[in-house]
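Computed from heavy atoms alone, side chains included, the values below leave out hydrogens, waters and symmetry copies.
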Amino acid sequence: MPAGIELHENIKPTVIDDLQTPIEKLKGPVESFVPKGNKEVIEHAMQTGHIQARAFADCSMFDDTDLAREQHKLRQEAKRTAEVRKILAESELLPESAQLDMRLAGLFIGQSLARATVVEAAAQDRQGELAGTLTDDLKERYLRQVDISQEILFPLPDHETAAIAARNIMSHLASTNETQFAHVTAKYEFLKQFETPLSNELISGEKRREWYEMLHEKYDPIFAGIREEVGDASLERETLLQATRLFMEAQGIPLDGPTSNGWTTRYDKDVKGFRVDPNIREVVVGRRDEPLDQLGFEKLMMHEVVIHVTRAENGYQTGYPALQNGLPGNAEPEEGTGLVIESLWSGEPLNQVSREDYRYLVVCYSDGTMDGEKHSEEETYMFACDVMGLRPGDESSKQTGDMSLSQAGEHTLRAFRGMPPERRMYSNLAYLPGKLNMAAYINSSERPAADTLAWLQRGKSNPLDPEHEDIMEQVERIGRAA
């Protein structure tokens, strides 16, 4: 980690009572708040640079938008859990396992309630906006619910982390496209100070070699076996699904079958990319802009299966839903560990400009973190295009991958999806700080690489959070750790 940058503390969960402020029951079906024409909106922006205000207002924030339907049930469970936890805290006779059960139940309910609340509050705000019934009092209530929920679920915008993203992006632009760099610094004066690159690699050469050798010794035979069965060609759709199932089996992940209750896997053309749903133990292979080559597939498996799926499955095996779905504050280490493991597998440096830098900076620009002014969907899209060196309508800018007009649209969508006009979605802020923090953690670990990996795979917790580590120690002591 660069000198002078401290590890970012995870946002501590707000007490459940803060999420108990009454919200009216949804007047319409939650199904109405699903993505509508996102592909068409982005394609139009790619051609013209224009995005209509509120174009992403009806997007779902999460795949499981039915969480909004669970509000009443969740609040009842939250109340009961709080009452039982109070009784347990006052009793010295109940076993440690019961105390831990209620502690984790409370955390799980609080996390789920935050996700449900942000969906419902934003949906209510949108319905009131469309119906012309949104009073100032209601608006204030909904925005408070959105803010509380996001504080529990995601990191908040941070100037130091935004500066790291800006330095990576601007130094890359200066070295690859001087004309575009001059255009960007003239148009966005606040970026002029970020030309100097970050020189230090985040993980030492010795540590990287140790991890590279460990990972390849463990997984090279698995990938060789998959190539023998699926072939050496690029992977997409059904072949990517088949290869993913083979890797999951080799990793020891139980798959669903006639006599087993394991993970389900499926291809869905309506899903973009690759999705892991720990709650229902499902992997969805979606459509891609281009097929994956072998290295791309290997990196995908490192990130999605070795980290996300394995952590979820080990959490499931403990019997605690909170460790299967993620303790509050888990978003950063979850995504960050996946990114770091990708780099350690491929040998690619961690301090080069990457998608998580653009994700972070685009959210911070839209939110006003960079220049003190909130920006519209169109302004944000053009900012993303500018810093990525792209021009809408330019055929050469329509290439697929991380540096494309389509990806600039995706960054913009993820900053605005489902949110009231006064707020931005912060889920994209988890990747960069997560990568920085987990790189520092791995670099400083005194355990052998294989033991550190196993430690990170125990469940969906944050090894940098003392409360999470205390919970994991209790789980292992009681004997329910995977």
Side-chain angles (χ1 to χ4, degrees), residues 1-11 154-155 158-169 171-172 194 196-216 218-219 295 298-308 310-311 326 329-361 402 428-458 460-466 468-469:
M1 179 166 294
I5 302 296
E6 298 180 357
L7 296 180
H8 302 287
E9 294 184 0
N10 283 304
I11 300 298
F154 311 120
D158 173 79
H159 283 278
E160 288 189 356
T161 309
I164 292 174
R167 286 192 186 283
N168 282 338
I169 290 169
S171 61
H172 171 76
F194 298 120
T196 306
L198 297 165
S199 58
N200 296 331
E201 177 53 55
L202 302 176
I203 297 178
S204 71
E206 180 181 358
K207 184 71 70 173
R208 291 188 68 94
R209 284 190 295 273
E210 179 192 2
W211 274 81
Y212 183 89
E213 291 171 2
M214 180 275 293
L215 290 171
H216 281 268
K218 182 178 178 67
Y219 293 109
L295 178 59
E298 292 167 5
K299 289 167 63 177
L300 182 72
M301 293 299 98
M302 288 294 114
H303 188 125
E304 301 292 350
V305 177
V306 173
I307 300 304
H308 293 337
T310 303
R311 280 163 61 90
N330 173 68
E332 285 186 39
E334 186 71 26
E335 296 301 339
T337 303
L339 292 168
V340 172
I341 295 300
E342 279 188 56
S343 168
L344 293 171
W345 169 265
S346 66
E348 297 165 345
L350 276 168
N351 63 342
Q352 68 181 9
V353 68
S354 56
R355 182 167 56 179
E356 53 270 20
D357 293 302
Y358 294 104
R359 282 174 165 173
Y360 201 97
L361 195 64
D402 287 349
N428 259 11
L429 298 182
Y431 296 89
L432 179 57
K435 182 179 79 170
L436 298 173
N437 291 347
M438 295 315 300
Y441 176 84
I442 286 173
N443 194 49
S444 62
S445 175
E446 297 180 357
R447 298 187 184 96
D451 292 347
T452 303
L453 177 61
W455 189 257
L456 294 172
Q457 291 173 322
R458 294 172 299 164
K460 286 184 175 288
S461 66
N462 181 2
L464 301 174
D465 189 318
H468 288 202
E469 285 299 276

Task: Stepwise side chain to side chain contact (heavy atoms under 4.5 Å, CB included) check, Val353 with Tyr358 - done: CA-CA 8 Å; Val353 68; Tyr358 294 104; 3.7 Å; yes

Task: Listed partners of Trp211 passing ring-ring contact (aromatic ring centres under 6.0 Å, His included), at least two apart - done: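 Per chain and number, Trp211 pairs via ring-ring contact (aromatic ring centres under 6.0 Å, His included) with no residue.
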
- [ ] State which residues pass ring-ring contact (aromatic ring centres under 6.0 Å, His included) with His303; sequence neighbours excluded, sorted by chain then number.
- [x]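 Only His308 meet the ring-ring contact (aromatic ring centres under 6.0 Å, His included) criterion with His303.
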
Any donor and acceptor pair, going by atom type alone, linking the side chain of [X] with main-chain N or O of [Y] inside 3.5 Å?
X	Y	value
Glu210	Ala449	yes
Glu342	Met302	no
Lys435	Leu350	yes
Ser444	Tyr441	yes
Asn443	Ser204	yes
Arg167	Ile164	no

In Å and rounded to the nearest 0.5 Å, what is the [atom1] to [atom2] distance from [X] to [Y]?
X	Y	atom1	atom2	result
Met301	Trp345	CE	CH2	12.0 Å
Thr310	Lys460	OG1	NZ	9.5 Å
Glu335	Leu432	CD	CG	12.5 Å
Asp158	Tyr360	CG	OH	4.5 Å
Leu344	Ile203	CG	CD1	4.5 Å
Trp455	Arg447	CH2	CZ	5.0 Å

Over all atoms of both residues, closest heavy-atom pair of [X] and [Y]:
X	Y	answer
Pro333	Ser461	CG-O, 4.2 Å
Met438	Pro463	CE-CG, 3.7 Å
Lys207	Ser445	NZ-O, 2.7 Å

Set of side chain to side chain donor-acceptor pair (under 3.5 Å) partners for [X], sequence neighbours left out:
X	answer
Asp357	Asn168, Ser354
Glu304	none
Arg359	none
Thr337	none

With a 4.5 Å cut-off on side-chain heavy atoms, are [Y] and [X] touching?
X	Y	result
Leu202	Val340	no
Asn330	Arg311	yes
Ser346	Glu298	no

Open item on the list: Checking Thr161 against Leu429 for the side chain to side chain contact (heavy atoms under 4.5 Å, CB included) test, could you report, in this order, the C-alpha distance in whole Å, the side-chain angles of both residues, the deciding distance, and whether it holds?
Closed with: CA-CA 9 Å; Thr161 309; Leu429 298 182; over 6 Å; no

Task: Pair Lys299-Glu348, side chain to side chain contact (heavy atoms under 4.5 Å, CB included): steps then yes or no - done: CA-CA 11 Å; Lys299 289 167 63 177; Glu348 297 165 345; 2.9 Å; yes

Open item on the list: Quick one, Leu456 with Ile307, criterion side chain to side chain contact (heavy atoms under 4.5 Å, CB included). Give me CA distance, side-chain angles, the key distance, then yes/no.
Closed with: CA-CA 8 Å; Leu456 294 172; Ile307 300 304; 5.6 Å; no

